[in-house]
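Structure, as structure tokens:
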Amino acid sequence: MQDKGILPEEVIQTLWDYKKKDSTYQSGRILGSMCTAPHAVGLEAYCLFIESNLGDPGLFSGTQELENETITLLGELLGKKDIYGHIITGGTEANLMAIRAARNLQGIKDGEIIVPKSAHFSFEKAAEILCLNMKEAALDDNYKVDIVSVENLITDKTVAVVGIAGTTELGKIDPIPGLSDICIDNNVHLHVDAAFGGFSIPFLQDAGYDFPEFDFKIPGVSSITIDPHKMGLAPIPTGGILFREEKYLESMSIETPYLTEDSQSTVVGTRTGASTAATWALLKHLGRDGYREIAKGCMELTDFLAKGIIKSGFELVTEPELNIVAFKSSQISLEEIFTAMTEKGWLMSISAHPRAIRIILMPHLKKEHIEAFLADLKSLI
Ligand SMILES: Cc1ncc(COP(=O)(O)O)c(C=O)c1O
């Protein structure tokens, strides 16, 4: 570090030089991200609460009230108004908290968790941090978890079963009602990872999409991850963890001697209130109608892309359920498609199970972006 500081204009100018190297959602080129450009209202709310620390809530009682209201609103969205939880950094932290609560309440030594083979890698982190063994359940032909496989993996060491509402790679919704039945029978915690689908499935159900129930309306569901910073359009980092009962938060409660609260259940200590303000603001501003239109728009674009991919001579690896399209070609390898399209400036990703080019139709993508993408794709074969 230099001794003498430099002028603010110079600092900002240099920062712009770095920022120009970043990709932008507005360019329409980011096709492989589950995040999107934050909504202006969420951004304004975020900036307004930039100083607020929910790790010391006695100092920020307004933000604390906002968090309580936000959790209630999210609970209402997910089938149960009287719910307990927090606004945190994202899906990884939410999944870690859910598994931690399940483990603490079950109190089993050398416990195990059962996750679908399609689960996000955050469960691997959670298992490692919490010293649990992670077992992977098989998927059916439609890339949803196979209930019989889950049932066969349950033992007296199982502390939690995970179901996913909107898988990371393919956007599939696991059969949560079936998982709920076996979790109730075996007295095991069922956690639903709706980090991606939580902010679209309920609204698409309103719009007439025939999706299975996945939330607290299903009696065996004990906790749900829902990420406002994905389809919720909040700035990052904004995640949500919800528990059916207060005992789950209490099971993780640690005394906090020098703060304005007595105890804390979150993993992080100092915790921004800005994410809470942004989530609250967007839930209020967009309402069910606003979110429904956004989710519907993404699904319409998904349909447009899927049809265009087939017309261009490529193959879908599975029928899209949410706003993710995964495809391949029988004529050129994935690597060739990926390299050629990257050279043309498209920022995609490759899924691992099954291997495919993966595109997430997030709200920053418009029809003209997808038309340009399809034109480039067609030129490959
Ligand atoms: C289903 C699911 N769960 C959890 C996560 C982890 O979320 P984050 O990256 O916000 O920690 C993701 C991220 O893509 C996800 O798709």
Side-chain angles (χ1 to χ4, degrees), residues 25 30-36 38 42 74 78 85-100 113-129 134 136-137 139 143-145 160-174 176 179 190-202 211 214-215 221 223-242 266-268 271-272 274-276 278-279 295 298 320-326 347-353 356 358-364:
Y25 295 113
I30 299 183
L31 305 180
S33 173
M34 292 186 135
C35 293
T36 192
L74 290 177
L78 298 181
H86 286 295
I87 297 299
I88 48 176
T89 55
T92 299
E93 191 184 349
N95 288 338
L96 174 61
M97 280 182 71
I99 301 300
R100 180 177 169 217
I113 57 170
I114 301 170
V115 307
K117 196 170 167 45
S118 52
H120 185 260
F121 55 79
S122 48
F123 291 103
E124 215 176 313
K125 294 185 186 177
E128 193 210 271
I129 292 167
M134 188 180 95
E136 285 185 339
L139 306 183
Y143 302 102
K144 297 174 181 225
V145 77
V161 165
V162 173
I164 309 167
T167 58
T168 307
E169 295 201 314
L170 300 177
K172 296 287 178 174
I173 305 168
D174 283 333
I176 306 300
L179 290 177
L190 173 58
H191 172 64
V192 174
D193 181 358
F196 182 59
F199 262 96
S200 59
I201 299 169
F211 290 139
F214 72 102
D215 59 17
V221 173
S223 54
I224 303 182
T225 289
I226 176 169
D227 265 4
H229 72 194
K230 294 188 169 74
M231 284 299 288
L233 272 68
I236 55 173
T238 308
I241 179 66
L242 305 179
T266 48
V267 177
V268 291
R271 180 164 62 94
T272 180
S275 303
T276 285
T279 307
C298 292
E321 189 166 17
L322 290 175
N323 45 323
I324 300 182
V325 173
L347 302 162
M348 308 166 303
S349 68
I350 296 188
S351 64
H353 306 292
R358 162 182 174 262
I359 293 181
I360 307 133
L361 286 302
M362 293 301 287
H364 60 270

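For ligands, and for the atoms within them, numbers begin at 1 and follow the listed sequence. From a predicted model like this one, the values you see are computed outputs, not experimental measurements.
- G32 and I360 get closest at one heavy-atom pair: C-CD1, 3.5 Å.
- Under a 4.0 angstrom heavy-atom cut-off, K230 registers as being in contact with ligand 1.
- Remark: minimum distance from atom 15 (C) of ligand 1 to any protein heavy atom is reached at T168 OG1, 3.2 Å.
- Heavy-atom separations between P237 and ligand 1 are all 4.0 Å or longer.
- Defined by atom type and a distance below 3.5 Å, a donor-acceptor pair is missing between the side-chain atoms of T168 and H120.
- Distances between N or O atoms of T167 and those of ligand 1 include no value under 3.5 Å.
- Defined by atom type and a distance below 3.5 Å, a donor-acceptor pair is missing between the side-chain atoms of S118 and H353.
- Heavy-atom proximity to atom 11 (O) of ligand 1, evaluated over D227, T238, T92, I226, is greatest for T92.
- In H229, the part holding a heavy atom less than 4.0 Å from any atom of ligand 1 is the side chain.
- Using a 4.0 Å cut-off between heavy atoms, T225 makes no contact with ligand 1 at all.
- In plain terms, the two heavy atoms of T89 and H229 that are nearest each other are O-CE1, 3.3 Å.
- Checked by atom type, the side-chain pair N95/T225 shows a donor-acceptor distance below 3.5 Å.
- Judged by distance alone, the side chains of H86 and T266 never bring a donor and an acceptor atom under 3.5 Å apart.
- Proximity to N95 (heavy-atom distance under 4.0 Å) selects the following atoms of ligand 1: 3 (N), 4 (C).
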